[in-house]
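Every chain is numbered from 1, with letters handed out A, B, ... down the list of sequences.
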2 protein chains.
Amino acid sequence: MKKASLKDIANQLGVSITLVSLVLNDQGDAKGISAKTQKRVKDLAKKLNYKPNQVARSLRMGNSKTIGLIIADISNVFYSAIAKSIEDKAFENGYNIMFMSSEENPDNEAEMIRILLDRGVDGLILSTSFKERKEIRQLRDAKVPFVLIDRYIPGVKTNYVLVDNYQGSFDMTKHLLSMGNNKIAVLNVTPSHLTTMKQRIAGYKDALRMHGLSVNNKLIKEISHDNINYCMEKALKTLLLEEKVHSVFFLNNKLTIAGLELLKKINIRIPQDVSIASFDDIELFRFSYPSITSVIQPKEEIGKLAFEVLLKQINDPELEKQQIVLPAKLVIRESCGSTMHSAFGMSVLKQNNLNV
Amino acid sequence: MKKASLKDIANQLGVSITLVSLVLNDQGDAKGISAKTQKRVKDLAKKLNYKPNQVARSLRMGNSKTIGLIIADISNVFYSAIAKSIEDKAFENGYNIMFMSSEENPDNEAEMIRILLDRGVDGLILSTSFKERKEIRQLRDAKVPFVLIDRYIPGVKTNYVLVDNYQGSFDMTKHLLSMGNNKIAVLNVTPSHLTTMKQRIAGYKDALRMHGLSVNNKLIKEISHDNINYCMEKALKTLLLEEKVHSVFFLNNKLTIAGLELLKKINIRIPQDVSIASFDDIELFRFSYPSITSVIQPKEEIGKLAFEVLLKQINDPELEKQQIVLPAKLVIRESCGSTMHSAFGMSVLKQNNLNV
DNA sequence: CTGAAAGCGCTTACAG
DNA sequence: CTGAAAGCGCTTACAG
């Protein structure tokens, strides 16, 4: 049951490989090949279950109908949800995906890009960990079609699709303020050069200022990605015992989980003792006790649009680069106390309280 | 900055492509190429940042250093965790992964296998949804290296790596019995031909019998994968109101989440009104209220071993097929009531109760 | 020590 | 209407 090739069909029919190729690529009519011959070719192809060898096709055509996807970690549901929606769109369009998890390490990422390009991918979708502009600029200058997701590189004009991190964070901070929490701590995670983190911090600061409060840098803590639990304990103890904050805003879902676990361990009640909120909603936050107020990112939309933008870029490499920023939404749950109405006119999604 | 080829290097150095290829593939010494020439080639290759075109290499060598991964859904953390551990192992060994989500649909799966093979993958890792033996048998007979994960096809000798579904379910049922629940319902999900579901049901039944109880088929409900919420509501209402069961054992994490949500909505208290337990532990179950007693699968181990077995099969296609069944573990949490000790001598992992 | 040549399976100008 | 030929970039027997 060896796979059939063009040659097999050509030999069996006594015609040339060229002819078979033409017919099977629907060039038969254009090249004026007789209907009868075309039918013979197609019938035999079907009978032999012929499918073109994509590797040979790639080599010859210079494209592979494959894209590379580099995210921080495929096992983080934020990325796997995006991966799924990219996959769906890609499959529709005949594209396959190779994925790689960079672990937020720029060296890994550089190597992975190289590997994917050597394998002839037609384009890349990246949640990049690069700090410098160099690598992304090179990629763009080398005319590799690519789309950034989640983060972008300031100062380099590229395609990107991401959520409005500033607005999401601004809105959440305003919500916390409206609940009567004036001392709001915020925890971000290294690598802190990421635009996600920078803009979430900026949104937080501006919301405070707009509320007439000054920013206290002691309330902004950075948690090391490689040592979350240890840093979390140090940070929360300082914030709760010394700074006596009213609430803590965690800037991604991993931080929130680590914080939640710790607060329960040390018997801090939420929201009675401290309110908490999270950027980046996950299913767990609906079911946890208490359920967690958070900023939702449109993951499916990010993936879908990222692929669409990439596809356009692949089909026309000279196309103007496209920047898409999607709105973030708040989900108000229990972790900041109960509220019957939102004090400001932003988009707020109310959810049934599951933990009666 | 066009990519350098062997030809570029050969031309610049005034040697043949053959020589360059040999040197760069570390055949220089074996073929007796002078150290000096070797150095010139290697230096220039480095300078031009030469990397072999993997597509050409694949075509010529008949292998691609790529494997295909077909799972039900990459956005389900059960599969994305496995994907991550496969990825890590694959990367170590110079392999890349193309993934596809079959949605448990055999037609999708057949098409995806075909696509991946046309793209020249060296092997496949599949959480197969096939009901019949035919497709998997064909794959095996075509000498395609592959490893099944999570489920296998009875009656077809293949490589597989999975958890002991029978034992996990048996132990959990015994645990429920030991907690004083005699009327235990069990919910499985379509497609119910999967060995996972069959063996979990078998473990449940045997545990009952070994406890001197007879199996009541009214307590075994099948939930349609395509209509989980509707079926769940119908099933739970019958089980709770008519059958008055003491506990419900959900056979995968999606079912548990749907069940949990529904029970809260209709104000059924866990475990006071009904105990619940889950097969397939996820992070959410540690944080939910109440936290959920469940059967843990060693996801990382499954992924790691699956790749290792696949690699061996790729390197030696005549190798004896390998079957690996890993032990399942219970995590006892709050959803079945509190217990200070386990009534039987199985491996039980105790966890700190997070929801004091 | 080194090179010319074939071939992996395809597509596509070119020629008739 | 149809076919011979070149070429994508590589590897590898074979020859000298």
*Heavy-atom closest pair, residues B:T158 and B:Q323*: O-NE2, 2.6 Å

*Which of these nucleotides, D:dC10, D:dT2, C:dC8, is closest to any side-chain atom of B:A56?*
D:dC10

*Given atom CG of A:D8 and atom P of C:dG9, what is their separation to the nearest angstrom?*
9 Å

_I need the CG-P distance between A:N63 and C:dC10, as an integer number of Å._
15 Å

*When you check every protein heavy atom under 4.0 Å of nucleotides 11-16 of chain C, what one-letter string (B, S, -) results, 5' to 3'?*
BBB---

_Given B:S129, which partner from the list B:R151, B:E109, B:H193 fulfils the side chain to side chain donor-acceptor pair (under 3.5 Å) test?_
B:E109

_Tell me the interatomic distance from A:I9, atom CD1, to C:dG9, atom P, rounded to whole angstroms._
13 Å

_C:dT2 phosphate, OP1 or OP2, under 4.0 Å from B:T37 side-chain N/O_ = yes

*Rounded to the nearest angstrom, tell me the gap between atom CG in A:L59 and atom P in C:dC8.*
13 Å

*Counting side-chain heavy atoms from CB outward, which of C:dG3, C:dG9, D:dC10 is closest to B:V15?*
C:dG3

*Over how many whole Å does the gap from B:L19 atom CG to D:dC10 atom P extend?*
15 Å

*Grab the CG-P distance between A:D29 and D:dT2 for me, whole Å please.*
12 Å

*Looking only at non-hydrogen atoms, find the nearest pair between B:D122 and B:K65 and report the distance.*
OD2-N, 2.7 Å

_Please find the pair of heavy atoms, one from B:S85 and one from B:K299, that lie closest to each other, and give the distance._
OG-O, 3.9 Å

_As a test of your reading of the structure, name each stem of DNA chain D as range with range, where a stem is three or more consecutive Watson-Crick or G-U pairs at under 3.5 Å._
C:1-3 with D:14-16, C:5-12 with D:5-12, C:14-16 with D:1-3

*Would you name the heavy atoms of B:L48 and B:A4 that are closest together and state the gap between them?*
CB-CB, 3.9 Å

*Go through the steps to decide whether A:L305 and A:V147 satisfy the test side-chain contact (heavy atoms from CB on, under 4.5 Å), and finish with yes or no.*
CA-CA 10 Å; A:L305 290 170; A:V147 177; over 6 Å; no

*Could you state the atom-to-atom distance from CD of A:Q54 to P of C:dC10 in whole Å?*
9 Å

_The single option from A:T128, A:L194, A:I71, A:D226 passing side chain to side chain contact (heavy atoms under 4.5 Å, CB included) against A:E104_ = A:L194

_Flag for B:N96-B:T66: side-chain donor and acceptor within less than 3.5 Å_ = no

*Any side-chain heavy-atom pair of B:N159 and B:V161 under 4.5 Å*: no

*C:dC1 to D:dT12 separation - P atoms, rounded to the nearest Å*: 23 Å

*Starting from P on D:dC10, measure out to NZ on B:K65 and report it in whole angstrom.*
17 Å

